Amino acid sequence: MGAVIIGCGKSTPNLEIENDDLKALVDTNDEWIRTRTGIGSRHISVDETTEALAYAASAAALGMSASKHSDIASISYCAEPIDPESIDLVIFPTITPDSIVPSAAAALKKDMRLQNAIAFDINAACTGFIYGISVAESMMAASNLAAAQNGCKRSKIKRALIVCSERLSRLTDWNERGTCVLFGDGAGAAVLEWRDDEPGIIATYMRNDDDDTNALTCPNNFTAPQPFTKDGIDASASDVDEAADEVDAFFDLVDAIGSSSDRQVIRMDGQAVFKFAGKAMASCVEHVVEQAGLALDDIKLIVPHQANERIIRFAAKRLSMDIEAFQLSIEDTGNTSSSGVPMALTDALAQGKLERGDKVVLVAFGGGLTSGAVLLEI
Ligand code: UT7
């Protein structure tokens, strides 16, 4: 018995930006980007929200028509349509939610009429899908198995939707060539079902290494005007409108300066992250395979975070595995953070690379520094 993937979907915004298009913004070129990253183009949201992308990917995973966002391109892998009311849990890993309250998960649940679901977001950066699917599987196992063993009654979770959606373009410094050529926008989703007669997810492995050198960061600068000093309330600062104007003026200035490290954009020490990533991916694959009592030869496909094709090749070499055993979907998406793994998994399934009974490892790394892997049977 276990949590089985019964549907997958992905979506991308309509605007596609080729590598050479970025020459209008920074000193770069197609050859550099392709050889250093494997990226050829990426999709960028102009007016597609994080939630709209998530809606389109989730509708594809449920095998339903996304009439509400039919203008957003999507790919679906789903044997038969899944009733939205049968979803008990929505977990939404993202670092780019449209709002803080409601959560992205709650907004999506309402919009898609997932009437019976509980819903919450998590932030594990690019490892979000791995953490999300692991948490969902734990909740499903606890509610379906543990009640019988320890008597603790939990709400039954039979079906769960894990949906990642990112608008990294909102957090990208489009003047910084070291990062802006890497990122793209998109969403990926999967539906899990608890089944008594199939193994589904066999092993999960999650990890968090300290980012001692702040190799990958993005600040959250927003603070409402504060009428307080160390001595208490400052009545003169209670003119909230005036204070808000000051805050706006400050951020206009910071944006205009452009080079300030306080700006709300992703900052990255590329080489430090590269070193961590290659080792972390290989080590997570080894851990999860060992935990499952299997060998690397038993794995049909590894679906890695799509951050850089060179990182994936590095991990393959470290594991002494053929690169053919890795799903490569980065060429026309770029790095879409948490969405990368479910988007690539949808590609692999839609391309017919996997059959029932095949064993697959999903693996990712990201800011935090998070990393992890999930081993499952299709
Ligand atoms: O999911 C988030 C996790 N992030 C990642 O996984 C990213 C991990 N890191 C990487 O993928 C790579 O480090 C990068 C792709 C970001 C950079 O590749 P690199 O091979 O480490 O290049 P580099 O930073 O060492 O830069 C090499 C040269 C430099 O020029 P000089 O100093 O040798 O003259 C850079 O200024 O390439 C230059 N450069 C560029 N040139 C053209 C950096 N960015 C660009 C660019 N176009 N976009």
Side-chain angles (χ1 to χ4, degrees), residues 17-42 93-96 123-131 164-188 207-209 211 213-218 259 265-284 303-318 326 328-331 333-344 362-373:
I17 299 289
E18 307 281 340
N19 287 341
D20 274 339
D21 297 335
L22 293 172
K23 285 181 184 173
L25 299 174
V26 290
D27 179 14
T28 190
N29 56 75
D30 180 62
E31 208 251 327
W32 190 97
I33 301 172
R34 271 185 198 275
T35 51
R36 301 273 176 155
T37 70
I39 299 167
S41 65
R42 73 285 294 139
T94 183
I95 57 169
T96 50
N123 175 350
C126 303
T127 318
F129 187 70
I130 304 298
Y131 274 44
C164 302
S165 180
E166 304 284 11
R167 283 182 74 185
L168 289 188
S169 55
R170 290 181 68 190
L171 300 179
T172 300
D173 182 346
W174 292 103
N175 297 312
E176 168 55 53
R177 70 175 180 172
T179 50
C180 78
V181 301
L182 304 174
F183 301 126
D185 301 334
R207 194 183 160 108
N208 215 133
D209 293 283
D211 185 0
T213 61
N214 291 327
L216 190 48
T217 58
C218 181
S259 60
V265 291
I266 295 170
R267 301 263 166 221
M268 185 177 71
D269 175 348
Q271 289 189 0
V273 176
F274 194 108
K275 278 186 203 139
F276 162 73
K279 282 190 211 149
M281 284 229 282
S283 146
C284 287
V303 182
H305 172 40
Q306 308 288 312
N308 184 331
E309 188 179 319
R310 275 167 58 220
I311 294 175
I312 299 171
R313 288 182 182 275
F314 179 90
K317 203 164 167 196
R318 225 178 144 94
F326 288 73
L328 292 176
S329 292
I330 193 171
E331 189 180 357
T333 59
N335 178 349
T336 56
S337 189
S338 67
S339 304
V341 170
M343 289 169 79
L362 315 176
V363 60
F365 63 90
L369 294 165
T370 54
S371 58

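Owing to the predicted nature of the structure, the values given are computational and were not obtained by experimental measurement. Below, each value reflects all heavy atoms present in this structure, side chains not excepted, and no hydrogens, waters or symmetry copies. Remember, it's 1-based here, ligands and their atoms both numbered in the order they're listed. Sequential numbering from 1 along the given sequence is applied to the chain's residues.
A distance of 12.5 Å separates SG in C218 from CE in M268, rounded to the nearest 0.5 Å. Atom CG of N123 sits about 8.0 Å away from atom OG1 of T94, to the nearest 0.5 Å. Here the CG atom belonging to L216 is positioned 9.5 Å from the CG atom belonging to D269, to the nearest 0.5 angstrom.
Of all protein heavy atoms, the one lying nearest to atom 5 (C) of ligand 1 is V273 CG1, 3.7 Å. Scanning all protein heavy atoms for the shortest distance to atom 19 (P) of ligand 1 gives R36 NH1, 3.8 Å. Residue, atom and distance of the protein heavy atom nearest to atom 9 (N) of ligand 1 are G270 O, 2.9 Å. For atom 11 (O) of ligand 1, the nearest protein heavy atom (residue, atom name, distance) is N308 ND2, 2.7 Å.
The pair R170-D185 fails the salt-bridge criterion, with no side-chain N (NZ, NE, NH1 or NH2) lying under 4.0 Å from an Asp/Glu carboxylate O.
Where the criterion is an N or O separation shorter than 3.5 Å, residue side chain and backbone included, H305 meets it with respect to ligand 1. At least one N or O atom of N335, backbone or side chain, sits closer than 3.5 Å to an N or O atom of ligand 1. Of the N or O atoms in L182, none lie within a sub-3.5 Å distance of an N or O in ligand 1.
Considering each of W32, F183, F365, the one bringing a non-hydrogen atom nearest atom 26 (O) of ligand 1 is W32. In this structure, of Q306, R177, Q271, the residue bringing a heavy atom nearest to atom 35 (C) of ligand 1 is R177. Counting heavy atoms only, M268 comes closest to atom 4 (N) of ligand 1 of the residues E176, M268, K275.
Interface atoms of ligand 1 facing V181, defined by a heavy-atom separation under 4.0 Å, are 48 (N). For ligand 1, the atoms closer than 4.0 angstrom to any heavy atom of T37 are 15 (C). Per-residue contacts place A307 under 4.0 angstrom from the following atoms of ligand 1 (heavy atoms of the residue considered): 6 (O). Counting the atoms of ligand 1 from 1 in the order shown, those under 4.0 Å from a heavy atom of C126 are 1 (O), 2 (C). Of all atoms in ligand 1, numbered sequentially from 1 with element shown, those under 4.0 Å from a heavy atom of R310 are 18 (O), 20 (O).
Under the 4.0 angstrom criterion for non-hydrogen atoms, G366 is not in contact with ligand 1. Judged by the shortest distance from any of its heavy atoms, I33 lies outside the 4.0 Å radius around the atoms of ligand 1. Residue contact check for ligand 1: D27 places a non-hydrogen atom closer than 4.0 Å to it.
Atom 37 (O) of ligand 1 is flagged as protein-proximal [any protein heavy atom, distance under 4.0 Å]. Counting only heavy atoms, the protein never gets under 4.0 Å from atom 33 (O) of ligand 1.
For E331, the salt bridge (charged side-chain N to carboxylate O under 4.0 Å, His left out) criterion is met by R34, not counting sequence neighbours.
Using a distance-only test at 3.5 Å, with no hydrogens or angles considered, no donor-acceptor pair links the side chain of R267 to the main chain of T179. For T370 (side chain) and A124 (main-chain N/O), a donor-acceptor pair under 3.5 Å exists by modelled atom type. The closest donor-acceptor contact from the side chain of T172 to the backbone of C180 lies at 3.5 Å or more, if one exists at all.
Of the candidates S337, P93, C164, S337 is the only one forming a side-chain contact (heavy atoms from CB on, under 4.5 Å) with C126.
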Can I get a per-line list of side-chain donor-acceptor pairs under 3.5 Å for residues 307-316, giving both atom names and the distance, sequence neighbours left out?
residue, atom, partner, partner atom, Å
N308, OD1, R310, N, 2.7
N308, ND2, R36, O, 3.0
E309, OE2, R313, NE, 2.9
E309, OE2, R313, NH2, 2.9
R310, NH1, R36, O, 2.9

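Residues T336 and E166 have side chains that never bring a donor and an acceptor to within less than 3.5 angstrom of each other.
The shortest side-chain heavy-atom distance between V181 and I39 does not fall under the 4.5 Å cut-off.
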Inset, instruction - Evaluate side-chain contact (heavy atoms from CB on, under 4.5 Å) for F183 paired with R42, printing each intermediate quantity in order. - result: CA-CA 7 Å; F183 301 126; R42 73 285 294 139; over 6 Å; no
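Contacts of I311 with ligand 1, taken as heavy-atom pairs under 4.0 Å, involve the side chain alone. Counting heavy atoms closer than 4.0 Å to ligand 1, residue T28 contributes atoms from both its backbone and its side chain.
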